[in-house]
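This structure is a prediction, so every number in the text was calculated from the model and none was measured. Numbered from 1 within each chain, the chains take letters A, B, ... in sequence-line order.
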2 protein chains.
Amino acid sequence: MKEILHRSDCPIGYSLDYLGDKWVLLILRDLIFTNKSSYGDFLASDEKIATNILADRLKLLEANGFIKSTVSAEKKNKFIYSLTEKGIDLIPVIIELMIWGSKYDSHDVKDVVKKLEKDKEGTIKQLRDKLSARINSDVPSGE
Amino acid sequence: MKEILHRSDCPIGYSLDYLGDKWVLLILRDLIFTNKSSYGDFLASDEKIATNILADRLKLLEANGFIKSTVSAEKKNKFIYSLTEKGIDLIPVIIELMIWGSKYDSHDVKDVVKKLEKDKEGTIKQLRDKLSARINSDVPSGE
DNA sequence: TAAATTTGCTTGCTATTTGCAAGTAAACAA
DNA sequence: TTGTTTACTTGCAAATAGCAAGCAAATTTA
């Protein structure tokens, strides 16, 4: 795994050295907002990530402590990825990307995001709690 | 200028189609948090962006309405870049990247960010007001 | 007023990264 | 025991990034 070299000592630059990429935050989005948790799940997302890029990013995210993987309880050839606290802490970043995107994407149905925006802190706490629960249980549970 | 093709109709994906890159948000950071406003200013930032990449990203940001450029009043061979409202609306995204980066970057001096975090909304409003004032004045003013 | 400098790029070349298609391997199901 | 599911890896072509040099208009300096 290629080590991340930081280009400066700016905290924004530090974050972008990990997240400044077209794919990483989409994988984290899937983990935060959907029940997707496996390689095949992420592969099936609308953006159509290439198999080698997905494998690479999952390695990178795990090597850098954003996610962890466990063998599925039912199928031993299936891996379940879940967020660590470090990954969960990115919820506010992704929420703000969603709010901005929703404002400027003419195609977006804005009602859901508007509701979220009205209680941003509550929404973040809800997501945080749901995902924190998964940290110590091997199997992600549904809604 | 190459047009941005959106990979899905997710608002997060929409944002990342513009911002999912190691450089774009660093240029916007300079415009938001420092008094940098010219090609040469951005070039001098710690991350050492290449000249062709900087030129490309400035074009892209202007073509997509994040920034606008005006000829400097004093020097006619100098361009002054400033944020549009669309760009200013990215302040919350960048703030969250800074908060996350500050939490996980062991080298970061966290005091400034801790203070910011205590009054996030106030800080955003302050920045917003300062930058909004620049939209209708050709010359960015100092602190 | 001529030469040097500042400013904002562009160009050419090489190296790295991405993206697509195909292949592999372990676990599992029929 | 054969086919399928799952999670990758590999090979190759295309796109992007990065480095060094070059260029041109405006401005300053001699």
Side-chain angles (χ1 to χ4, degrees), chain A residues 1-8 13 16-27 30-31 35-63 67-82 139-140, chain B residues 1-8 13 16-27 30-31 35-63 67-82 139-140:
Chain A
M1 173 78 345
K2 215 192 66 179
E3 209 190 330
I4 298 276
L5 293 174
H6 295 290
R7 292 166 290 173
S8 66
L16 290 173
D17 288 337
Y18 296 108
L19 311 170
D21 161 72
K22 292 222 177 301
W23 297 111
V24 165
L25 285 168
L26 291 179
I27 296 170
D30 283 351
L31 284 165
N35 284 317
K36 297 183 179 189
S37 63
S38 67
Y39 180 92
D41 288 341
F42 305 135
L43 206 61
S45 286
D46 283 348
E47 290 85 6
K48 303 289 165 226
I49 188 170
T51 57
N52 54 342
I53 305 294
L54 176 55
D56 177 83
R57 296 303 189 275
L58 287 172
K59 260 184 212 161
L60 186 143
L61 283 170
E62 187 164 17
I67 62 175
K68 67 185 171 65
S69 67
T70 53
V71 177
S72 162
E74 313 93 56
K75 296 187 174 186
K76 280 170 191 165
N77 65 336
K78 190 173 181 176
F79 295 98
I80 301 295
Y81 293 96
S82 58
V139 186
Chain B
M1 173 77 344
K2 216 191 66 179
E3 209 190 330
I4 299 277
L5 293 174
H6 294 290
R7 293 166 291 174
S8 67
L16 291 172
D17 289 336
Y18 296 107
L19 311 171
D21 159 73
K22 292 222 177 300
W23 297 110
V24 165
L25 285 168
L26 290 180
I27 296 170
D30 283 350
L31 283 166
N35 283 318
K36 295 183 179 188
S37 63
S38 68
Y39 181 92
D41 288 342
F42 305 135
L43 205 64
S45 286
D46 284 348
E47 290 85 6
K48 303 287 164 226
I49 189 170
T51 57
N52 55 341
I53 305 295
L54 175 55
D56 177 82
R57 296 304 188 275
L58 287 173
K59 262 184 212 160
L60 185 143
L61 284 170
E62 188 165 16
I67 61 175
K68 67 185 171 64
S69 67
T70 53
V71 176
S72 164
E74 313 93 54
K75 296 188 175 187
K76 280 169 190 165
N77 65 336
K78 191 175 181 176
F79 294 97
I80 301 296
Y81 293 95
S82 59
V139 186

[X] [atom1] - [N] [atom2] separation (whole Å):
X: Asp56(B); N: dC9(C); atom1: CG; atom2: P; answer: 12 Å
X: Tyr39(B); N: dA24(D); atom1: OH; atom2: P; answer: 16 Å
X: Ile53(A); N: dA14(D); atom1: CD1; atom2: P; answer: 17 Å
X: Glu74(B); N: dG8(C); atom1: CD; atom2: P; answer: 12 Å
X: Leu60(B); N: dA17(D); atom1: CG; atom2: C1'; answer: 15 Å
X: Glu47(B); N: dG18(D); atom1: CD; atom2: P; answer: 12 Å
X: Ile49(B); N: dT10(C); atom1: CD1; atom2: P; answer: 13 Å
X: Asp21(A); N: dT16(C); atom1: CG; atom2: C1'; answer: 14 Å

Legend entry - Exam field: side chain Tyr39(B) to backbone Thr51(B), donor-acceptor pair closer than 3.5 Å: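 Yes, Tyr39(B) side chain to Thr51(B) backbone: donor-acceptor pair under 3.5 Å.
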
Has [X] got a side-chain N or O lying under 4.0 Å from the OP1 or OP2 atom of [N]?
X: Lys59(A); N: dT9(D); result: yes
X: Trp23(A); N: dT18(C); result: no
X: Tyr81(A); N: dC8(D); result: yes
X: Lys2(A); N: dT17(C); result: yes
X: Lys75(A); N: dT6(D); result: yes

Legend entry - Aromatic ring pairing His6(A)/Tyr18(A), orientation class (parallel under 30°, perpendicular over 60°, tilted between):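 Taking Tyr18(A) first and then His6(A), their aromatic rings stand perpendicular (interplane angle over 60°).
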
Inset, instruction - Nearest-nucleotide wise, let me know which of Ala50(B) and Lys78(A) is further upstream toward the 5' end of DNA chain D. - result: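 Nearer the 5' end of the strand: Lys78(A).
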
Which nucleotide in [options] has an atom nearest any side-chain atom of [X]:
X: Phe79(A); options: dC8(D), dC9(C), dC28(C); answer: dC8(D)
X: Ala55(A); options: dC8(D), dG19(C), dG8(C); answer: dC8(D)
X: Arg57(B); options: dT6(D), dT18(C), dA17(D); answer: dA17(D)

Legend entry - Pairwise side-chain contact, Asp41(B) with Asn35(B), heavy-atom cut-off 4.5 Å (strictly under):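 Sidechains of Asn35(B) and Asp41(B): no contact.
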
Legend entry - 5'-most by nearest nucleotide on DNA chain C - Lys76(A) or Asn52(A):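 Result of the comparison: Asn52(A).
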
Inset, instruction - Please confirm whether any donor atom in the side chain of Asn77(A) sits under 3.5 Å from an acceptor in the base of dT5(D), or the reverse. - result: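 Present.
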
Legend entry - Distance-only donor-acceptor test, Ser38(A) side-chain atoms vs dT6(D) base atoms, 3.5 Å: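 Under the 3.5 Å cut-off, the side chain and the base do not form any donor-acceptor pair.
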
Inset, instruction - For side chain to side chain contact (heavy atoms under 4.5 Å, CB included), just list the numbers for Leu16(A) and Lys22(B), CA-CA rounded to whole Å, side-chain angles, deciding distance to a tenth of an Å, and then say yes or no. - result: CA-CA 6 Å; Leu16(A) 290 173; Lys22(B) 292 222 177 300; 5.9 Å; no

Inset, instruction - State whether the number of non-hydrogen atoms from other residues, nucleotides or ligands found under 6.0 Å of Lys2(B) atom NZ is greater than 12. - result: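 No, because the 6.0 Å sphere around NZ of Lys2(B) holds 12 heavy atoms or fewer from other groups.
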
